[in-house]
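What follows is a single structure, written as structure tokens, with notes after it.
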Amino acid sequence: MFQWVKSELLFRGKKKRKRAEEGEKVSEDQSLSNIEEPPVKAKKARKKERSEAEKKLSQRENALEQADEEEDQKLFQSKVKQKKKASQAITKSIVNSSTGATAKQQKRKWVADEAADRRTVFVGNLPVSCTIQVLTSLFKKYGPIQSIRFRSLIPAEDIVSKKVAAIKHKVHPNAKSVNAYVVFKEECHAQEALKENGTEIASGFHIRVDTASKTSSHDSKRSVFLGNLSYDIRDDAVREHFQDCGDVVGVRVVRDRTTGLGKGFGYILFGNTDAVHLALKLNNSVLMGRKIRVQRVTDKKKEQKGPDQSRAPKDRADKKKKKEKRFSNDSFVGEKANPLKKSTKPKRLKTTPRSKAGKNKQSFD
């Protein structure tokens with residue numbers, strides 16, 4: 001029995017030892033696991049930190065690269081702008097120099113043209129058969145002629161130019177007259193050539209000679225406007241209609257450049273103002289089956305000044321009327337005062353008290 005008890009106790013002690021060893025092993029394993037876990041977490045944290053730092057570095061590098069690219073673009077754009085400004089400045093200088101040169105050239109050309117116009121004479125109402133030789137023979141006695149050119153020509157065909165028509169004398173059959181410009185070498189000779197105004201160069205053609213310069217002004221007081229003229233009227237027909245009024249200096253029927261037909265109106269310049277009064281009486285007279293209108297030629301400059309001048313006295317008159325209204329005699333008449341009604345009651349006399357009256361009497365005594 002005793003031995004059996006010992007064997008059981010030994011068996012139980014072995015079991016306890018085994019359990020204790022197993023518990024120690026488990027605790028050791030747990031401790032080892034606990035010891036091993038922290039390094040893994042630290043590694044993961046380190047990896048995260050490294051990844052964040054790498055991201056920040058990459059972001060900084062990208063930002064720096066973008067900044068460098070922007071600076072390069074700005075530098076490129078500034079260089080382009082500088083080049084443009086330089087090119088614009090060069091072009092402006094060139095344009096200014098060219099415009100200055102062209103302006104000077106234009107001034108010189110204008111002066112030259114004006115001088116040439118003073119030496120040029122306009123000759124109107126020439127027959128279509130007129131040639132350069134006829135004009136040279138007419139005007140060469142006044143001085144040397146530089147050039148002669150015909151104008152207001154109507155070509156026989158639309159294809160032919162006016163210059164070719166003038167050279168080849170291919171003029172439209174319905175054309176009745178042409179004009180010409182005669183250029184002299186000296187201005188004084190052109191002024192002397194004006195004496196040929198009104199001369200009959202051919203049967204039914206009294207030429208009109210005038211200076212070609214723009215400064216030549218026609219006297220509106222000696223001129224008359226004609227309206228409702230026939231489209232195929234000739235200048236000499238108008239001259240014959242008004243020749244009884246006085247000396248006719250010049251007749252101008254306004255015509256179309258392409259067809260040569262009249263536009264239905266014209267002008268007559270007389271030698272004096274008395275002829276204008278007589279010409280106005282021919283208003284509504286019949287010329288080539290039409291009742292023509294005869295009116296005075298009004299000066300445009302006076303018409304522009306006229307309305308302002310005509311308004312001034314009216315404004316003054318209106319102001320005077322307003323002042324008269326303000327300070328009229330009626331304005332000084334006041335309203336009549338209502339008379340006071342006389343009262344029917346008798347006025348009471350002021351009576352002094354007896355005591356005062358007695359004192360007064362005593363004082364007078």
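Bear in mind the structure is a predicted one, so any value in this text is a computation, not a measurement. Side chains are part of it too, since the values below use all heavy atoms of this structure and drop only hydrogens, waters and symmetry mates.
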Heavy-atom closest pair, residues I233 and M288: CG1-SD, 3.4 Å
Where I154 and R257 come nearest, the two heavy atoms and their spacing: CG1-O, 4.4 Å
Tell me whether Y181 shares a hydrophobic cluster with V128, the cluster being built from Ile, Leu, Val, Met, Phe, Trp, Tyr side chains joined at under 4.5 Å. no
Less than 4.5 Å apart, side chain to side chain, heavy atoms only: is that true for I201 and L138? yes
In Å, rounded to the nearest 0.5 Å, how long is the span from NZ of K79 to CD of Q82? 9.0 Å
Would the distance check show the side chain of D117 and the main-chain N or O of A212 forming a donor-acceptor pair, the cut-off being under 3.5 Å? no
Out of curiosity, N62 CG to E69 CD, how far, rounded to the nearest 0.5 Å? 10.0 Å
Under the criterion side chain to side chain donor-acceptor pair (under 3.5 Å), which of R119, E186, K185, H189 is the partner of Q146? R119
Applying ring-ring contact (aromatic ring centres under 6.0 Å, His included) as the test, list every pair that has at least one member in residues 138-165; sequence neighbours left out. none
So N283 and R293, do their side chains get closer than 4.5 Å, heavy atoms only? yes
Test log, rule side-chain contact (heavy atoms from CB on, under 4.5 Å), inputs T136 and I132: CA-CA 6 Å; T136 51; I132 294 171; 4.1 Å; yes
Which heavy atom of V276 sits nearest to which heavy atom of K221, and what is that distance? CG2-O, 3.5 Å
Counting distance only, does the side-chain N/O of N272 pair as donor-acceptor with the main-chain N or O of A275 below 3.5 Å? yes
Would you compute the distance between atom CZ of R118 and atom CD of Q191 and round it to the nearest 0.5 angstrom? 10.0 Å
Following the transitive rule for hydrophobic clusters with a side-chain heavy-atom cut-off under 4.5 Å over Ile, Leu, Val, Met, Phe, Trp and Tyr, establish whether V251 and L126 coincide in one cluster. no
Any carboxylate oxygen within less than 4.0 angstrom of a Lys/Arg side-chain nitrogen, looking at R255 and D235? yes
Measuring only between side-chain heavy atoms, which start at C-beta, is F184 closer than 4.5 Å to E192? no
Passes side-chain contact (heavy atoms from CB on, under 4.5 Å), S220 versus T298? Steps please. CA-CA 7 Å; S220 59; T298 56; over 6 Å; no
Rounded to the nearest 0.5 Å, how far does NZ of K85 lie from OG of S87? 11.0 Å
Any donor and acceptor pair, going by atom type alone, linking the side chain of N125 with main-chain N or O of H206 inside 3.5 Å? yes
Do K141 and E196 sit within salt-bridge range, that is, some charged N less than 4.0 Å from a carboxylate O? yes
Hey, does R252 have a side-chain heavy atom less than 4.5 Å from the side chain of L269? no
Could you check if a side-chain atom of V238 sits within less than 4.5 angstrom of a side-chain atom of I268, using non-hydrogen atoms only? yes
On a heavy-atom basis, the closest approach of E200 and A202 is CG-O, 2.9 Å
At their closest point, which heavy atom of N179 faces which heavy atom of G124, and how far apart are they? OD1-CA, 3.3 Å
Once you round to the nearest 0.5 Å, how far does OG1 of T120 lie from CD of E187? 10.0 Å
Any sub-3.5 Å donor-acceptor pair from K83's side-chain atoms to S78's backbone N or O? no
Contact summary for N197 and I207, nearest pair of heavy atoms: OD1-O, 3.6 Å
Suppose the criterion is ring-ring contact (aromatic ring centres under 6.0 Å, His included): which pairs have a residue in residues 239-278, not counting sequence neighbours? F225-Y267
Hey, are the side chains of T211 and L194 touching, using non-hydrogen atoms and a 4.5 Å cut-off? yes
Checking D256 against T259: is there a side-chain donor and acceptor pair closer than 3.5 Å? yes
Could you check if a side-chain atom of V183 sits within less than 4.5 angstrom of a side-chain atom of I148, using non-hydrogen atoms only? no
Is the shortest side-chain heavy-atom distance between L280 and R296 below 4.5 Å? yes
Working for side-chain contact (heavy atoms from CB on, under 4.5 Å), residues V80 and Q77: CA-CA 5 Å; V80 170; Q77 288 177 358; 5.5 Å; no
Hydrophobic cluster identity match, V171 and V134, side-chain contacts under 4.5 Å: yes
One should read off an interatomic distance between Q66 CD and Q59 CD, to the nearest 0.5 angstrom, of 10.5 Å
Are V224 and L229 in one and the same hydrophobic cluster, where Ile, Leu, Val, Met, Phe, Trp and Tyr link if side-chain heavy atoms are under 4.5 Å apart? yes
Can you get from L153 to V182 by hopping between Ile, Leu, Val, Met, Phe, Trp and Tyr side chains that sit under 4.5 Å apart? yes
Donor-acceptor contact below 3.5 Å, side chain N228 vs main chain I292: no
